[in-house]
Structures are given as structure tokens and as C-alpha cells.
There are 2 protein chains.
Amino acid sequence: MTASRNEKDVTIGELNRSKILRAAEEEFASHGYKGARVQQIADRAGLPKTNVLYYFKSKESLYLAILENIMRLWNSRFDEATVHDDPARVLAQYITDKMEISRSHANSSKIFALEIINGAPNLNDFFKDQHSKWMAGRVAVINEWIKAGKLKETNPYYLLYNIWGTSQHYADFSTQITELQGSSMGQKDFENATKNLIHLILTGCDLTVPAEFR
Amino acid sequence: MTASRNEKDVTIGELNRSKILRAAEEEFASHGYKGARVQQIADRAGLPKTNVLYYFKSKESLYLAILENIMRLWNSRFDEATVHDDPARVLAQYITDKMEISRSHANSSKIFALEIINGAPNLNDFFKDQHSKWMAGRVAVINEWIKAGKLKETNPYYLLYNIWGTSQHYADFSTQITELQGSSMGQKDFENATKNLIHLILTGCDLTVPAEFR
DNA sequence: TAAAAACCTGACTAGTTGGTCAGGTTTGAT
DNA sequence: ATCAAACCTGACCAACTAGTCAGGTTTTTA
């Protein structure tokens, strides 16, 4: 341990915390919260278990820290869309953002999925305080688009579920996709899949795909 | 224990096996394979743990039995579709079948999702022996539709992923959906969501929704 | 330089886990 | 009625688990 501060002005503590979080993401994605082992996280991080517990009080603290990061990840430009915006552009951008997250943060997506599938025991506050409000706001905007004749009549809830289901599928089921295609999806593949999805969803809503998303 | 055979001609053994499988599905869906506890499964089934282990040799045997049932569940009419069939009808029926499974077998869908998210450690043979062949066959039919001008040009893989991602989402993320809508989806809701999805996917493929699926 | 803060880590602990084992009970067949 | 098959279940066990604890080492601060 030559110094707690290296040349990039990052402390050893920050480095190790980061290492542990990355290792924990992999372990939680592989075995779920209940099945994950602190010793395994430590092994993945290349640190002794008690060193992991020096930085994070418990397995649960670690998991909740990761969940918090994930919740922050879902923030997107879609959150600010209003009735004045063009639905085609907003939806295309949202899908693009979601697909990029699926590509660049596959483990986060997987952990979120695992948490929901397991009954979301750790997300009650998130749902009650933020998510439901967010949803109500987005549904309202979509309904305003419909009322303003900018979007064909549809159920806003189902529209959003379908966008989430498709975009998150590329992260969550990446193992299946890799097996079925014989190789994992690279950047180019994700770009193609994004275009394909934008085309499917927008055409399915009778919207024209904006030129920059083709 | 009045008799091993009740009036419906089912042995106590069959009854108990069934009870255990149902209990295990709930436990595996809630905690994943690694996080599930045989004692919890036993408690859910209302049997002593060793009685559970009398019927199923181990936790793993139980899990593999459930996975096998799930693999069987995925069989559908879509498996038999050929280039001679109408893609609109085939896809609409496939989506209908998938949505019905999501409604009636939510835990199965969740367990399948958990297995894939966790890296599919128990499905290697399934992927190599059956799933990849199945996929190659389905992709070929879709490509034949495209060649025959029955379906607009698209990537068959992405089309299927999008169908799976959307339909399975209703089962896998049912906790989130219930929270966001304030109540869980009933039969009527599923029918509406199915129609909405058929409309989205078929319209997105420039296909006309067959009358019986409107 | 000394003291405080940050970091590190092996030894240990109480509790939990997936089984094994042995033997008892019930049911069905003859 | 007897015996075999099916079913049941408490006691037990080796291994594993999430920590706690104590104390050592390194770095920073004044």
C-alpha cells in the first residue's frame, strides 16, 4: 500500500469500494441476493472478506447500495417529455436510451429484474414514493398526446411495459441470446437491434420513425 | 392417512409430489435456486423436510424437475408453422399463447427468467440439443415468409426476442405492474394486453391483425 | 515525531443448510 | 394374518454462512 491517494486523486478506499461494488454486481446477478455469498464477492474483488465488510457493513448494505445506483440509472430524457414534444422523437430516444443501458449495464438490468421477480422486497419505498408518481406523470403525457391527436389511441401502461420488456430483454436474457446466435451481441448488433425495435414500436403505433433514428 | 388412493384415483405420493412441486415453484421464484431453502419448501408444502427429500432426492433434483416442466410448457402451435401459413395469424396466435402462459404460469416464467439471468447453468443441454435447432427452424420459416413477400423485411431473431420480451414481461414483472396500476391484472386485463400487443407487433410488421384477434 | 485516521485481515462464533440415517407407521397385495 | 411397498419423520452431521472481534499496518495530520 504505497499511498491511499494515487495520481488520479482517488483514495484506496474509493478504489476498493468501486472494486467491491463491481464484484458484488456480478455475484448478485449470478445468484440473486439470497444466493449470493460475501466470500464469493470478496474472491471476485480480490480482497479478504473482512475487508469487504470493513467498507460495507453487511451483505444487505452492499445490495441496497447497488440497488440505489440502479434506480439512478433509470433516469432518462423521457422523464421530461411533455405534450408539446413529438411522440415519435421522444419514444425513439427513450428506446435508444433504454437499449444503451441494456448494452452497457447488463448486470444492473439483471439485478433489477431479479429484485422484481423475487417480489421486490427492497423496493417498497421506491415504488410508493417515486415510481408510481413517475408513472402517473408519464401516462398523463401519453394520454395528452392521444388527446391532441399526436398518437393513436392505445393503453399507455401497456406501451411502456412493452418498451421495457423488449429493451430489458436484451440484457436480462443475454445468455439465451448468445446461445441462440452463437455469439454475444456487440455494439453493432445493439445498434441494429435498437433500430429494429424503434421501427417495430413506432410503426406499431402508426408513427413515422424520425430520420435520425433510421 | 386414510388411504394412499383417494376417490379420484390419485395416490398420496402423487398428491404430495404435486404439493411439493407447487411449493418449490413459489420458493424458487422468490429466492432463486441458490437462495431457496428446502426447509422453506417443506414449510410451504406443509410437510416435514425429510418427507420432501423422500420424494425428491435433493434440492437440485427438485429444481431440475421443475425446469423440465417449464421446458415442456414452451411448446406451442408456433412450433409447427410453415411458409404456407399466414404470418399474421401465426404470430397473433403465438402471442396469444405466450400471453396465456404468462397469465396462468407466472411462476414458471419467473423461474425460467431467473435461470437465464443467472447464466443458465442448468440449461446447457437444452440449448445445444433443442433450443438452437428450434430457433434455426423458426428463423428459417420467418425468412421464407420474407422471401415469399408475406412479411416485410426484418431480423427474425429480434422479432422473436421482442415477442418473448413483451409477453414474458407481464409474468416476470408482475410485481412492478401490480404496484404501478394499483391492482393485479385479471383475465380481462390480460385479454386487453394481448390484443394491444398483437396490434403493436403485427402493425409494427406491416401486417393486418386478423379479425379473430381484434 | 506522535497521534489519529484509514486500511487490512486471521481467528473465531452462533446459527443455518442440505442432506443422511434409522426406524416407525400405514397401506395394499396375497 | 403376514409381508412388501409406500409413506413418514426426528435426530444427527459436516460444511457453510454472515458476520464480530481484536489487533496489526499504513497513511495522513498537526
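Only this structure's heavy atoms are used, side chains among them; waters, hydrogens and symmetry mates stay out.
A:Tyr55 has a side-chain polar atom (N or O) that falls below the 4.0 Å cut-off from OP1 or OP2 of C:dC8. Applying the 4.0 Å criterion to OP1 and OP2 of D:dC8, one finds that B:Asn16 has a side-chain N or O inside that range.
Rounding to the nearest 0.5 Å gives a distance of 7.5 Å between CG of B:Leu64 and OG of B:Ser58.
Rounded to an integer number of Å, the gap from A:Asn51 CG to D:dT25 P is 16 Å. Atom CD in B:Glu60 sits about 19 Å away from atom P in C:dT17, given to the nearest Å. As a whole-Å value, the separation of A:Arg37 CZ from D:dC16 P is 11 Å. Atom CD1 of B:Ile12 and atom C1' of D:dA5 are 15 Å apart (whole Å). In this entry the distance linking OH of A:Tyr54 with C1' of D:dT26 reads 11 Å, nearest Å. As a whole-Å value, the separation of B:Leu53 CG from D:dA6 C1' is 17 Å. Here C:dC12 presents its P atom at 17 Å from CD of A:Gln39, a figure rounded to the nearest Å. Residue A:Asp43 contributes atom CG, which lies 14 Å from atom C1' of D:dT17 at whole-angstrom precision.
Sequence order on DNA chain C of the closest nucleotides to A:Lys49 and A:Val52 puts A:Val52 first from the 5' end. Along DNA chain C, the nucleotide nearest to A:Lys34 and the one nearest to A:Leu47 differ in position, and the one closer to the 5' end is contacted by A:Leu47.
Backbone-only contact: A:Ala36 has heavy atoms under 4.0 Å from sugar-phosphate atoms and none from a base.
A donor-acceptor pair is defined here as one N or O able to donate and one able to accept, closer than 3.5 Å; no such pair exists between the side chain of A:Arg44 and the backbone of A:Ala24. Of the possible polar contacts, one joining the B:Thr178 side chain to the B:Ser174 backbone as a donor-acceptor pair under 3.5 Å is found.
For the pair A:Lys59 and A:Phe28, the cation-pi test (distance below 6.0 Å, angle within 45°) is failed.
Checking D:dC21, D:dC8, C:dC8 against the side-chain heavy atoms of A:Thr50 singles out D:dC21 as nearest.
Between A:His131 and A:Trp134, the two ring planes are parallel [angle under 30°; tilted spans 30° to 60°].
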